[in-house]
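Quick caveat, the model's predicted, so the values are computed rather than measured. In what follows, every chain begins at residue 1, and chains take the letters A, B, ... in the order their sequences are listed.
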There are 2 protein chains.
Amino acid sequence: MDKCVDERMDALLGAKDLESCPVRDVLSRVSGKWSTLLLLALSDGPRRFSELKRFAPDISQRMLTKSLTDLRRDGYITRKVYPTQPPQVEYALTEEGTSFLDAWQGVVVWAKENRDRVHAARKRFDAEIDGG
Amino acid sequence: MDKCVDERMDALLGAKDLESCPVRDVLSRVSGKWSTLLLLALSDGPRRFSELKRFAPDISQRMLTKSLTDLRRDGYITRKVYPTQPPQVEYALTEEGTSFLDAWQGVVVWAKENRDRVHAARKRFDAEIDGG
DNA sequence: CAGCATCCCACAAGATACTG
DNA sequence: CAGTATCTTGTGGGATGCTG
């Protein structure tokens with residue numbers, strides 16, 4: 001069902017050679033509330049669990065763990081355990097994660113450049129509604 | 001609260017001159033299940049409500065209406081009503097919508113190019129879990 | 001320190017029925 | 001045809017407490 005959506009999505013993009021859900025499938029992992037932020041947090045280099053938590057204090061521990069696991073599962077980051085006492089765990093971007101971030105930057109830059117336009121549009125729209 | 005997240009996000013991107021939530025705020029509108037698909041559907045030219053519905057048969061009418069309204073509110077698309085009987089309504093990309101799609105294409109292309117890698121990573125990860 | 005388990009809630013999204 | 005209104009459900013995410 002979602003499959004056919006992606007087929008149409010692909011049709012629009014010029015690639016007809018698909019057999020299952022290419023785009024939505026991949027992007028779903030990265031569309032969560034914290035995923036891209038965590039990838040960005042790792043873009044200067046490896047970070048420990050507690051460093052990431054400090055970086056995003058408003059993330060719940062549950063979601064930090066979950067997001068990191070999901071990103072790891074899809075190959076965006078690695079996890080290295082140092083058998084110290086207490087234990088240390090270090091997360092780092094893979095090449096896949098780095099190349100994704102490159103693509104993602106385009107969207108982030110767009111969002112920043114067009115933020116005012118978007119807000120203006122919202123204001124206009126809401127005013128119209130009020131006006132009648 | 002989300003504000004500081006965006007500040008950190010921006011810090012990572014090198015822009016410190018912010019005062020509220022620039023990135024997440026803008027992207028939230030476009031992170032829905034249907035938004036980008038509908039924008040893509042409009043990329044060949046204007047489409048009527050029923051055409052969009054046919055393009056994505058698995059969208060509910062409620063979500064089609066809602067997504068189109070949201071996109072319109074943020075200035076990505078326009079809505080033109082032709083006073084015929086029965087009525088016709090035509091949706092079209094704005095320049096803002098078009099330029100967003102340009103940025104978005106980068107991510108879509110990445111997703112398609114890296115789909116196999118992502119799947120392979122998932123398989124590896126799940127196998128490890130099983131193995132112990 | 002770096003998690004996992006459990007409970008809970010808000011909100012995105014679907015289903016269905018009705019209207020100008 | 002192009003919606004609106006209402007009810008319901010699924011799930012992303014938060015809060016809290018416990019462990020190696």
**OP:** Can you tell me the distance, in whole Å, between the CZ atom of R72(A) and the C1' atom of dA2(C)?
**Re:** 12 Å
**OP:** Go through dA2(D), dC4(C), dA13(C) for me and flag the one nearest to the T65(A) side chain.
**Re:** dC4(C)
Original post:
What integer distance in Å separates E90(B):CD from dG3(D):C1'?
Top reply: 17 Å
Subject >> Rounded distance (Å) that lies between atom C1' of dA2(C) and atom CG of L38(A) >> reply: 15 Å
Original post:
OP1, OP2 of dA2(D) versus side-chain N and O of R48(B): anything below 4.0 Å?
Top reply: yes
**OP:** Rounded off to whole Å, could you give me the CE-to-P distance for the M63(A) and dT11(D) pair?
**Re:** 14 Å
Original post:
When hydrophobic residues are tied together by side-chain contacts of less than 4.5 Å, even through go-betweens, does L42(B) share a cluster with Y82(B)?
Top reply: no
Original post:
Does S99(B) reach the main-chain N or O of E96(B) with its side chain, forming a donor-acceptor pair under 3.5 Å?
Top reply: yes
Subject >> Under 4.0 angstrom between K33(B) side-chain N/O and dG14(C) OP1 or OP2 >> reply: yes
Original post:
In whole Å, what is the span from the CZ atom of R47(B) to the P atom of dC1(D)?
Top reply: 16 Å
Original post:
From dA2(D), dT4(D), dG3(C), pick the nucleotide closest to the side chain of V89(B)?
Top reply: dA2(D)
Subject >> Protein-nucleotide distance (L37(A), atom CG; dG13(D), atom C1'), rounded to Å >> reply: 15 Å
Original post:
Expressed in angstrom and rounded to an integer, what is the separation of L64(B) atom CG from dT16(C) atom P?
Top reply: 17 Å
Original post:
Between Q61(B) (CD) and dT19(C) (P), how many Å, whole number?
Top reply: 15 Å
Subject >> Distance test, side-chain N/O of S60(A) to OP1/OP2 of dA15(D), below 4.0 Å >> reply: no
Subject >> Of the listed nucleotides dC1(D), dG14(C), dG13(D), the one nearest the side chain of R62(B) >> reply: dG14(C)
Original post:
Is a side-chain donor or acceptor of S35(B) paired with a backbone partner of S31(B) at a separation under 3.5 angstrom?
Top reply: no
Original post:
Could you state the interatomic distance from CG (L71(B)) to CG (L39(B)), rounded to the nearest 0.5 Å?
Top reply: 5.0 Å
